[in-house]
Amino acid sequence: MDFVSTRQQTPPTGFDTALAAGLAPDGGLFVPQTVPTLPPLHPTGSLAETATAVLAPFVAGSALAGSLPALCRHAFSFDAPLRALHGDHDHLLELFHGPTAAFKDYAARFLAGALAKLRCDAGVDTTVVVATSGDTGAAVASAFHDRPGFRVVVLYPDGGVSPRQAHGLACWGASVLALRVRGSFDACQAQVRRVLADPDLRAHRPLVSANSISLGRLLPQAAYYAHTAAVFHARHARPLGFIVPTGNLGNASAAWLARRMGAPVGDIHLACNANDTLPRFFQGDAYVPQPSRATLANAMDVGAPSNFERLRHWAGGDAPLRDEMTASSVDDDTIRATIAHAQVRHGVTPCPHTATGLHVLEGLRAAGDDRPWAVVATAHPAKFAHILTPLLGRDLPLPPALAACLARPTRAGWLAPGDDALGRWLRQLPRHGLPHPAP
Ligand SMILES: *Cc1c(COP(=O)(O)O)cnc(C)c1O
């Protein structure tokens with residue numbers, strides 16, 4: 001299949017090229033030329049088998065087509081259980097059983113496997129550059145750290161990520177370097193966009209982007225929605241709605257894609273934190289990007305969701321998009337209150353991101369909605385112990401992967417100030433490996 005740009009100034013491009021490029025050359029986002037229809041899914045099949053069925057039409061004709069089943073077995077090697085909550089028809093889709101305990105592990109592992117297959121050795125390491133507000137950087141670092149020929153540079157806002165998140169960005173050994181930026185996540189993202197748009201730099205230092213604009217991050221995520229909805233439908237003969245904690249709109253775009261491909265996904269509701277750009281839009285206001293505000297659900301601190309342009313293009317404009325989803329904004333006090341009562345009311349302890357979704361579910365039930373819903377649990381609560389432990393007055397058991405990560409030493413440095421700091425830093429890199437960070 002070919003991919004076109006949302007800005008329509010890029011010729012149709014194959015999957016492999018679109019994947020390696022990240023952003024389209026005209027500055028737009030890649031979208032598939034058509035949305036394929038899913039084949040009938042086997043409700044007793046594995047998540048990896050569903051992922052292969054979902055992705056097959058997109059990679060058809062590409063160099064990756066033959067290795068797709070193996071790529072999916074690697075990326076979807078841990079379960080996404082649908083757990084029943086206390087309320088009738090209330091569910092939690094747990095996407096946090098991977099190596100860095102957040103949903104981003106699935107797509108990051110797919111992207112790493114795919115780029116490793118496509119890599120041609122030019123005698124120089126491929127540098128993966130990624131800006132993160134917490135979970136993306138860890139998932140990408142974990143996915144690439146043992147891939148020969150790759151090195152990862154993670155930019156993150158100093159003080160903008162939790163202590164455990166910061167550790168998770170920097171504990172992956174010699175092929176990963178975390179660089180703190182004195183600035184916001186937006187400043188980190190601006191540095192990454194700038195180097196990716198620099199053809200000179202890219203000519204002698206191969207770069208790839210692993211941010212959520214990448215097709216390799218977006219498309220694989222449709223798999224767990226298609227799988228969960230198909231299994232649910234086989235059992236209950238009803239569609240399952242999803243409440244998706246949302247920042248950059250990557251995960252929610254994937255839910256929408258799964259439905260568009262024919263999966264029995266019901267309504268999609270976006271749960272946002274106090275960054276309310278999307279709730280305002282879905283309530284009828286114009287789309288107006290805002291500077292991001294810091295909240296307890298920091299991986300959703302996004303005022304200008306990077307996938308909005310793609311979703312609007314896909315849906316066919318503002319008005320049709322507003323018919324596809326609903327959205328709510330949940331403030332920090334409500335997140336705290338939801339975490340505090342969740343064990344009693346729902347039977348689970350959520351991370352702050354997942355708490356926004358649980359609150360939305362409570363609102364739907366209070367309004368008399370009795371359809372089946374799944375709140376998407378985007379991260380393991382123990383990742384956010386600095387918020388949860390004081391609220392709950394107890395420690396949370398760490399999943400083994402997170403405990404192993406916290407036991408390893410870290411490797412982090414500072415990015416110098418200046419708009420072109422990342423570009424200057426990348427230009428002086430050797431052909432292989434990464435320098436030791438200055439303390
Ligand atoms: C990234 C992230 C989100 C937001 O996902 P988007 O795809 O950016 O909307 C929500 N929760 C957690 C824990 C995350 O890491």
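One-based numbering, in listed order, for ligands and for the atoms of each. None of the values given here were measured: they were computed from a predicted structure.
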With a 4.0 Å cut-off on heavy atoms, does Phe103 reach ligand 1?
-> yes
Quick one: does Asn248 get an N or O within less than 3.5 Å of an N or O on ligand 1?
-> yes
Nearest-contact summary for atom 7 (O) of ligand 1 - protein heavy atom, Å | Asn251 N, 2.9 Å
Please determine if Asp276 and Arg280 form a salt bridge, counting it only when a charged side-chain N lies under 4.0 Å from a carboxylate O.
-> yes
Take atom CG of Asp323 as the centre, draw a 6.0 Å sphere, and report whether it contains more than 12 heavy atoms from other residues, nucleotides or ligands.
-> yes
Below 4.0 angstrom from a heavy atom of Asp135, which ligand 1 atoms are there? Numbered from 1 as shown, please.
-> 12 (C), 13 (C), 14 (C), 15 (O)
Could you tell me which atoms of ligand 1, counted from 1 in the order shown, lie closer than 4.0 angstrom to a heavy atom of Gly250?
-> 6 (P), 7 (O), 9 (O)
Going by the atom numbers of ligand 1, which of them fall below 4.0 Å from some non-hydrogen atom of Leu249?
-> 6 (P), 8 (O), 9 (O)
For atom 12 (C) of ligand 1, what's the nearest protein heavy atom and its distance?
-> Thr378 OG1, 3.3 Å
Return yes or no for this condition: an N or O of Ala379 is under 3.5 Å from an N or O of ligand 1.
-> no
Please lay out, stage by stage, how Val360 and Thr356 fare under the test side-chain contact (heavy atoms from CB on, under 4.5 Å).
-> CA-CA 6 Å; Val360 167; Thr356 64; 5.8 Å; no
Among Trp256, Phe242, Phe103, Tyr106, find the residue that satisfies the ring pair (Phe, Tyr, Trp, His ring centres under 6.0 Å) test when tested with Tyr225.
-> Phe242
Honestly, for Thr354 the part within reach of ligand 1 (heavy atoms, under 4.0 Å) is neither
Are the ring centres of Phe232 and His91 closer than 6.0 Å?
-> yes
The protein heavy atom nearest to atom 10 (C) of ligand 1 is Met300 CG, 3.5 Å
Inspect the contact between Arg293 and Asp301 and indicate whether a charged nitrogen and a carboxylate oxygen are less than 4.0 angstrom apart.
-> no
Among all protein heavy atoms, pick out the one at the shortest distance from atom 9 (O) of ligand 1; state its residue, atom name and that distance to 0.1 Å.
-> Gly247 N, 2.8 Å
In this structure, atom 14 (C) of ligand 1 is nearest to the protein heavy atom Lys104 NZ, 2.8 Å
From the list Val140, Thr132, Leu177, side-chain contact (heavy atoms from CB on, under 4.5 Å) with Leu169 holds only for Thr132
Within 6.0 Å of CZ in Arg83, more than 12 heavy atoms from elsewhere | no
Does Ala299, backbone or side chain, put an N or O under 3.5 Å from an N or O of ligand 1?
-> no
Sub-4.0 Å atoms of ligand 1 with respect to non-hydrogen atoms of Thr246 | 9 (O)
The residue among Leu201, Leu207, Leu422, Ile213 that forms side-chain contact (heavy atoms from CB on, under 4.5 Å) with Leu196 is Leu207
